[in-house]
Amino acid sequence: MDPVKLFKMLASIKLPWQPTRSKIGWPRRGQIFLWIIFTSLLLFFCVTLTFNGHVWQMLDSNMHLSEYDDANEGYGLRKLLEDPEARLRQEGLEKRLPQCIIIGVRKCGTRALLEFLNLHPNIKTAGMEMHYFNKDENYDNGYEWYRKYMPFSTSKDITIEKTPRYFISESAPERIFKFNSSIKLIVIFRHPTTRVISDYSQVYENKLERNKSVEPFEKIVIDKRTGRVNTGYKAVRISMYYYHLTQWLLYFRRHQIHIVNGDNLIVNALEEIKKVETFLGLDHAITEENVYFNETRGFYCMKSGNDQHCLGAQKGRKHPDIDPKVIRKLNNFYHPYNRKLFAMIGQEFDWD
Ligand code: A3P
């Protein structure tokens, strides 16, 4: 039906208190009519919000996403204004400090791993990289500050935070040990040369977006004076996993650190996820139902009920073509570090 006609029809309905021979024309009556509808709707929503648990739950679930499906008691807006976390606490939901931290390594699949783990009903993940243990200005705020950024969880859940920068931070190992000496740590490694290329690709793309010039990979990675791998390039140093992990093993026992194979995570996500579930002492709740291979993206993506999502375009970029001689040079450079790493962790990767 034509909306203009509908409006005119509704507006022409005589209001009960109007005199039979009204001097008020239809536009005026229409306004009054709409005001009545608007006020009634407003009143209805106020009452529902205040007293009806279901409406409350609907709004609430937008704030703290699916934390409490079976809450049907009549909580209301008033309660929220008094103490927004009161109801969550009644249901055993609190912001807890992390019992597990993904400490790195940058560009090895840390975001994908975190998103996959988030599909587990007993894993709650912090939305952002906290940089709490590596940045003095954050660390100086204390644990309570850190806790406020954690997601709501029950006592059965495991809270996970990930900040890949921790892996190469000088202060993070000791600070995390002081924070919780029995904490579980997860490190994800990927072929060291591929990781450098991935790191370069990210910086390259960011610079291009800001119209800045970028030197070719080969020029940055190889020191032109010596012809050797340029260890002054940070991306090269980050892939020297042995060196960094040594700092962590000064504080933590080997069994506290789970190592994920980032190359395998790309092609066999579920296999790596199951190992993490075991490490965390959780059921294998993430199944084939929760992951699917997206041909267009070329990666596994996440599925939960009707919701399907893949990581954004900044994950899984196309890497530039690199001179094979430079790749060989990098592989040779990393070889001894890799051997030492494998011996130290008692685990080997197919990186040769
Ligand atoms: P590339 O962009 O070089 O391909 P991080 O999250 O630690 O920055 O790691 C990014 C890398 O995660 C990506 O590097 C990509 O290869 C890898 N990755 C692993 N599993 C992925 C997935 N399911 N979706 C997107 N990227 C994934």
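Start at 1 and go down the list; that is how both ligands and their atoms are numbered.
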(request) Quick one: list whatever passes side-chain contact (heavy atoms from CB on, under 4.5 Å) with Asp352, sequence neighbours left out. (result) His335, Arg339
(message) Can you pull out every salt bridge (charged side-chain N to carboxylate O under 4.0 Å, His left out) where at least one residue sits in residues 286-315? Sequence neighbours excluded, please.
(response) none
(message) Under 3.5 Å, is there a donor on one side chain and an acceptor on the other for Tyr166 and Glu161?
(response) yes
(request) Determine, step by step, whether Glu271 and Asn264 satisfy the side-chain hydrogen bond (donor to acceptor under 3.5 Å, both in side chains) criterion, reporting the C-alpha distance in whole Å, the side-chain angles of both residues, the deciding distance to 0.1 Å, and the verdict. (result) CA-CA 8 Å; Glu271 190 178 45; Asn264 195 35; 2.7 Å; yes
(request) Return the protein residues near ligand 1 (heavy atom under 4.0 Å from any of its atoms), ordered by chain and residue number. (result) Lys107, Cys108, Gly109, Thr110, Arg111, Ala112, Phe116, Arg190, Ser198, Ile266, Phe299, Tyr300, Leu311, Lys315, Gly316, Arg317, His319
(request) Kindly write out the residues that satisfy ring-ring contact (aromatic ring centres under 6.0 Å, His included) with Phe189, not counting sequence neighbours, or none if the list is empty. (result) Phe167, Tyr241
(request) Determine the sole option in Asn338, Asn331, Thr194, Asp263 for which the side-chain hydrogen bond (donor to acceptor under 3.5 Å, both in side chains) test with Trp351 is passed. (result) Asp263
